[in-house]
Number of protein chains: 2
Amino acid sequence: MHCGKRLQGIGGRVTKHDRSKTAQPRPASIAAVAHRAGVSIATVSRVMNGIENKASSETASRVMAAVESLGYRPQSVGRALRQRESRIVGVLAANLGNPAMAAAAASIELALRDAGFVMALCDTHEDAGIQDEYLAEMEAQLARGIVLLVAVPSPKLDALRAAGRPLIFVNRRDPGAEDSTFVGIDDHAAGRAVAEHWLAKGETGPFGLLHASLAFSAGRHRAAGYLGRLAEAGIDEGSIAHATGPGRHHLEIGYIGMARLLEATPRPRRILCLSDLIAYGVYRCLVERGVSVPGEIELFGFDDNPLNAWIAPWLSAVRIPYEIFGTAVVASLAALIDEGRATTALLNHELVIRGGSPRGPARDVMSQASRIILETKSPGA
Amino acid sequence: MHCGKRLQGIGGRVTKHDRSKTAQPRPASIAAVAHRAGVSIATVSRVMNGIENKASSETASRVMAAVESLGYRPQSVGRALRQRESRIVGVLAANLGNPAMAAAAASIELALRDAGFVMALCDTHEDAGIQDEYLAEMEAQLARGIVLLVAVPSPKLDALRAAGRPLIFVNRRDPGAEDSTFVGIDDHAAGRAVAEHWLAKGETGPFGLLHASLAFSAGRHRAAGYLGRLAEAGIDEGSIAHATGPGRHHLEIGYIGMARLLEATPRPRRILCLSDLIAYGVYRCLVERGVSVPGEIELFGFDDNPLNAWIAPWLSAVRIPYEIFGTAVVASLAALIDEGRATTALLNHELVIRGGSPRGPARDVMSQASRIILETKSPGA
DNA sequence: AGCATTAGGGAAATCGTTTTCCTTCGCAAT
DNA sequence: ATTGCGAAGGAAAACGATTTCCCTAATGCT
């Protein structure tokens, strides 16, 4: 359909090379260390955990020497069992194929590792069933916390929220509660800023909007900000063509939605796409029809994933600072675990404007005066 | 440098909303289930694990009813501790920002989940230190196996290999052993196929090659196949301009490498890039200089990640079937764990040819007669 | 009848940690 | 001289599962 002709079907060849199955020698346990150091396992544990006043420095160094010589590393499962809490933090991403989410995941992973956690990353495909499966699994793993990189409503999610487990919602707010911990941008202000940008350039439209489901916070707020600002400028909401596509696949939503939008009269010339992937779908649709971008139709995306700068010089976008999401998530997690405080972190977005002439340099033009609204409490209300 | 002008620095605002810290009610344990069902915990365990001949059907249904009513789900840590093996499979990816790796990770995750495993995904940034850190952590987690989605040599890797732990190398072969389990394509044949494609079209060059480090199997084999076929056609290896860039970031390698290649005489007109990301870097370099792609310079990439079809109509590529990597990885893992057999799975690659005229449709043109060589045992030797 | 086998199920050991009690010792304050 | 206290460290109890021994009936086979 949308993939090129292939030269041959899938398949392949598997060759097998035998290999002796050696019995696994057990790795050194805390008992082995204790024995070699001539102390009890309690002391080893205390030294390993840096507990003061429980071991003389002489004993401690003896223990450390034993640890060193045996290459001992505590098994996480033993500790997790005893403490009823592991160092795993589950990160449930809606779609790893989206470079923006991959960027967020990479950032979160880095920050978690710095903080001594271990990330377990999953792909929920934005499906409630799979999300529930993973939520249950994270519970079974005694995960310290769960990060939902775009959540959908699901029964298990409700259960965990009710049980007070540490949940962190990223990009899309908790679909089931107002005051859950959130890390993201001010979507309403960002949507506004795009409209503001076009208005400041003297554009009069026709404007368009392409989006996935508006049932969730991010999309709803972005759309509301965009449409609200246009309305303030006297542009009737009815005159703004908007479309979506079927399903959850943003690429196809953009492709199919754009095809519909092309039939609208008047045909929109400035279109906001609520994600980069939607804009990609739009791009393919327009390229196939010979419509020049941004010559005839100018696009604005959301996310500005790191690849845009390299291969999408035709796409301006609201840049979400995924590279700092990690530290924000970890900080929020700490507040939630240590103090039981749910926080809302609104990170600053930016507008990245690209000229996109196909033959000229991929120059990025600075937009004037796009206000970043920081004070929003309940965006999009 | 390569990112657009920004309208404001990063930063943001954090608001905090208090929330009562409720004491966590413990989830139901196996003891609770046993008590409610009026049996011993041993029986519950046996029922849960479907062990035959150890519980009457009447008892079993009583247990299941108790499980149901308590919402019991076994904690993984307890089981892992006892069995000295968890259901976690570590997947160490070199760079999640690469959509091809994200695609591979997504596929592997799906297959692992089907097989009852849990994926823990990490980003090693292709750094030996970070890789070692994660390898050690996976050991501590009693991971059932470790998948290295592009590995680098590291001490801990040697240690695990020597200890006979289940390691699976994907895309890049084990840098420290010949006969480790491998899942990937026949890189040598793929490199050959690109040369073959161009030769079959009557191209005479000048040809070029852009690559990251050639110290590892994949790149080395691809380059050898490509250059080998060109040499067979009488094209001197010395006449083939090739370049690389500093570091490990393929985007920048492509960008900087292409800048160097532009100074070569004669300037190459057909360039093979050993990854899509390198091709992206090349593209940006050429767009900035006003060189048309594929008009003046034709590019061939490796991977053909799923986004190419949407936004890179100018890029032909060797398509690696990442969507089936998952099943191959799981099959290899099973062979390794259950039978101690190390296997080599060479999956079929394909050539995806794109026309890429910027204004025309993004049509995919079928190439004629690109042989896929299946019999290779030691490619590139 | 005598014996082996199997189904059914419980008690307890086990995995590798952390943590709670203890005990002992030395020293300072009363 | 007695008490109190902190440092140092050991013994043993958790944690939640699986698994190894057991034991008792019942059944099949000679």
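Residue numbering restarts at 1 for every chain, and letters A, B, ... go by the order of the sequence lines.
B:Glu68 and B:Arg36 are not joined by a salt bridge, as no carboxylate oxygen comes within less than 4.0 angstrom of a charged side-chain nitrogen.
One finds no side-chain N or O of B:Ser45 lying less than 4.0 angstrom from the OP1 or OP2 phosphate oxygen of D:dA17. Within the 4.0 Å cut-off from OP1 or OP2 of D:dA17, not a single side-chain nitrogen or oxygen of B:Gln83 is found. OP1 or OP2 of D:dT19 has not a single side-chain nitrogen or oxygen of B:Arg82 nearer than 4.0 Å. OP1 or OP2 of D:dA8 has not a single side-chain nitrogen or oxygen of A:Arg46 nearer than 4.0 Å. In this structure, A:Thr43 does not reach the D:dG9 phosphate: none of its side-chain N or O atoms is under 4.0 Å from OP1 or OP2.
Within the 4.0 angstrom heavy-atom criterion, no nucleotide atom of any strand lies near A:Val77. Using a 4.0 Å heavy-atom criterion, one finds that A:Ser56 contacts the sugar-phosphate atoms exclusively. Counting non-hydrogen atoms under 4.0 angstrom, B:Thr59 reaches the backbone sugars and phosphates but no base. Backbone-only contact: A:Ala55 has heavy atoms under 4.0 Å from sugar-phosphate atoms and none from a base.
Put simply, CD1 on B:Ile41 is 12 Å from P on D:dC15, counting in whole angstrom units. Between B:Leu81 atom CG and D:dC15 atom P there is a gap of 14 Å when expressed in whole angstrom units. In this structure, A:Gln75 places its CD atom 15 Å from C1' of D:dC15, rounding to the nearest Å. In this structure, B:Asn49 atom CG and D:dT20 atom P are separated by 13 Å, rounded to whole Å. Here the C1' atom of nucleotide D:dG16 and the CD atom of A:Glu85 are 16 Å apart, to the nearest Å. Between B:Gln141 atom CD and C:dC15 atom C1' the separation is 16 Å, expressed in whole Å. Atom CG of B:Asn53 is separated from atom P of C:dT6 by 10 Å (rounded to the nearest Å). Spacing between atom CD1 of B:Ile51 and atom P of C:dG9 amounts to 13 Å, rounded to whole angstrom units.
For the pair B:Tyr72 and A:Gly38, nearest-nucleotide mapping onto DNA chain D gives the more 5' position to A:Gly38. Toward the 5′ end of DNA chain C lies the nearest nucleotide of B:Glu58, the other residue of the pair A:Met48 and B:Glu58 mapping further downstream. Each of B:Lys54 and A:Arg73 has a nearest nucleotide on DNA chain C; the 5'-most of these lies closest to B:Lys54. Along DNA chain D, the nucleotide nearest B:Ala42 and the nucleotide nearest A:Arg84 are compared for position; the residue whose nucleotide lies closer to the 5' end is A:Arg84.
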Checking side chain to side chain donor-acceptor pair (under 3.5 Å) for the pair A:Gln131/A:Ser154: CA distance, chi angles, key distance, verdict? CA-CA 7 Å; A:Gln131 178 178 289; A:Ser154 74; 3.1 Å; yes
- [ ] Using the side-chain contact (heavy atoms from CB on, under 4.5 Å) rule, take A:Thr124 and A:Val152 through it: C-alpha gap first, then chi angles, then the decisive distance, then the call.
- [x] CA-CA 9 Å; A:Thr124 66; A:Val152 293; 5.9 Å; no
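Around NE2 of A:His125, the count of heavy atoms belonging to other residues, nucleotides or ligands within 6.0 Å exceeds 12.
With contacts defined as side-chain heavy-atom distances shorter than 4.5 Å, the pair A:Arg144/A:Arg165 does not qualify. Between B:Leu167 and B:Leu148 the shortest side-chain heavy-atom distance falls below 4.5 Å.
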